[in-house]
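Each chain gets a letter, A, B and so on, in the order the sequences are listed, and its residues count up from 1.
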Number of protein chains: 2
Amino acid sequence: MNEHLKKINALIDGFDAETNSALQAISKTKKYKKGEFLLYQGEVCKSSFWIEEGITRKYYMNEKKEVTTELLFKHDLAVAFSSYVSNQPSREFIQAITDVTVSCMDKNAFQHLKINHPQLIQLDLLMTEYYTMWLEKRLFEFHTLSAMERYKLLLKEQPDFIRHIPLTYIASYLGISLETLSRVRTKI
Amino acid sequence: MNEHLKKINALIDGFDAETNSALQAISKTKKYKKGEFLLYQGEVCKSSFWIEEGITRKYYMNEKKEVTTELLFKHDLAVAFSSYVSNQPSREFIQAITDVTVSCMDKNAFQHLKINHPQLIQLDLLMTEYYTMWLEKRLFEFHTLSAMERYKLLLKEQPDFIRHIPLTYIASYLGISLETLSRVRTKI
DNA sequence: TTTGGCATTTGACTTAAATCAAATAATTAG
DNA sequence: CTAATTATTTGATTTAAGTCAAATGCCAAA
């Protein structure tokens, strides 16, 4: 998996100065306070958010309950994927759960850049592949692991981050109730 | 979602004759008997399989049990994605569950073609996006629906196909036991 | 047409996790 | 510093789904 990140970095390292400055030109730094929204449900996702500092989450409402789909940290890319790709209103919110700094890249501008910079299509593909492999892994976890196993795995893979996130979000990310998560934690 | 298939078709329709014949040249038709394997676990997935006739499934073993990750029908693309993308041994098997005819495209040849045909990178991206949106939808279903709801949804979305597939595969695709599936079925 | 092997259903019981309710603990605002 | 929120834990109970076991149904090959 990490191999793939290397590929992405290698590609970016190979970009010429003109491509880099073009990318710079369509990106801008934004700051959000804890609790603020980078994207609301119902909005079409027209930007991607590269997290430079802080933590965000993606979630949607299901029968009055929040379902957290993704927790995003420094150097992650926050996008409501289906909305971004198909220009449909997003089912998901993207929310800052700490104060956050992001580099926000406009989708339309990026699409235009791709026309004259085929390397950027390649970049888009590699990033999408990365997210896709992450989704496959997550689906595998839902398909085969119990609540406790999923929590243990998360703890193993993201030990330091987890400390900064309220258990409600973690529980909903794992697809279990807050109480079950609390009980699981005592048994470890 | 279907909009996205239209995009893919529009892109392909716009290919020039040379691109098309190049694609033809790196594809070959293969036939598999019911039960045979298009890909074994442990093999690196070096082809993609466009289903022209019949049904296949992707699955892996977990604690001696089969976990079906995907059921693929006519006009679907069967690939062990993570293996294909990262050249790692596949965790998944791809198996014909009826007699099957596929158009098998060599990955390396396709990668080479992409160098001189940037349109093909675009195709690759669109196909990957399509799969990614499907994964997001499937994850949503695991995250929020009960066994019965998942079955009902499958029944609604794939009514005719389901008839041709043993319940064991459907149960494992839905992430529930065979017995639970059987009971769910009587209550509909 | 019978038989042996799958596929599916049904029954009894167990278990993981949800729900509802309340008690602590920890933060944050005034 | 204390009150007021918010976060987390603990307890009692229910429920969805799993497991184990057996019965029945359904073909397909001899």
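Looking at the side chain of B/Leu178, the nearest of the listed nucleotides D/dG18, C/dT8, D/dT8 is C/dT8. Of the candidate nucleotides C/dT19, D/dT19, D/dT9, D/dT19 has the atom nearest to the side chain of B/Glu179.
Straight-line distance from the CD atom of B/Glu63 to the C1' atom of D/dG18: 14 Å, rounded to whole Å. If you measure from atom NE2 of B/His164 to atom C1' of D/dC27, you get 17 Å, rounded to the nearest angstrom. Taking atom CD1 of A/Ile165 as the reference point, atom C1' of D/dT6 lies 17 Å away to the nearest angstrom.
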Would you give a per-nucleotide map of nucleotides 24-30 of chain C, 5' to 3', where B means the base has a protein non-hydrogen atom under 4.0 Å away, S means only the sugar-phosphate does, and - means neither? -------
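Look at B/Thr180 and you won't find any side-chain N or O under 4.0 angstrom from OP1 or OP2 of D/dA17.
Note on B/Lys74 versus B/Glu53: salt bridge recorded, some NZ/NE/NH1/NH2 to OD/OE distance being below 4.0 Å. Ion pairing of A/Lys156 with A/Glu149 is absent here, as no side-chain N (NZ or NE/NH1/NH2) approaches a carboxylate O to less than 4.0 Å. Electrostatic pairing of A/Lys114 and A/Asp124 counts as a salt bridge here, judged by a charged N lying under 4.0 Å from a carboxylate O. Under 4.0 Å is where a charged nitrogen must lie from a carboxylate oxygen, and between A/Glu52 and A/Lys30 no such pair does. Salt-bridge annotation for B/Lys7 and B/Glu3: absent, with no side-chain N of the basic residue lying under 4.0 Å from a carboxylate O of the acidic one. Ion pair A/Arg138/B/Glu136 not flagged as a salt bridge, since none of the NZ, NE, NH1 or NH2 atoms sits closer than 4.0 Å to an Asp/Glu carboxylate oxygen. A salt bridge does not link B/Lys33 with B/Glu36: every distance from a Lys NZ or Arg NE/NH1/NH2 to an Asp or Glu carboxylate oxygen is 4.0 Å or more.
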Can you list the steps and then say if A/Ser90 with A/Glu43 is a side-chain hydrogen bond (donor to acceptor under 3.5 Å, both in side chains)? CA-CA 6 Å; A/Ser90 170; A/Glu43 258 185 273; over 6 Å; no
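A distance-only check finds a donor-acceptor pair linking the side chain of B/Asp16 to the backbone of B/Thr19 [under 3.5 Å].
Open room surrounds NE2 on A/His112; 12 or fewer heavy atoms of other groups in view lie less than 6.0 Å from it.
Contacts with DNA chain D (heavy atom under 4.0 Å) in residues 181-188 of chain A: A/Ser182, A/Arg183, A/Arg185, A/Thr186, listed by number. Within residues 143-153 of chain B, the residues having any heavy atom closer than 4.0 Å to DNA chain D are, in order of number, B/Ser146, B/Ala147.
Between B/Phe37 and B/Tyr32, the ring center distance fails the sub-6.0 Å criterion.
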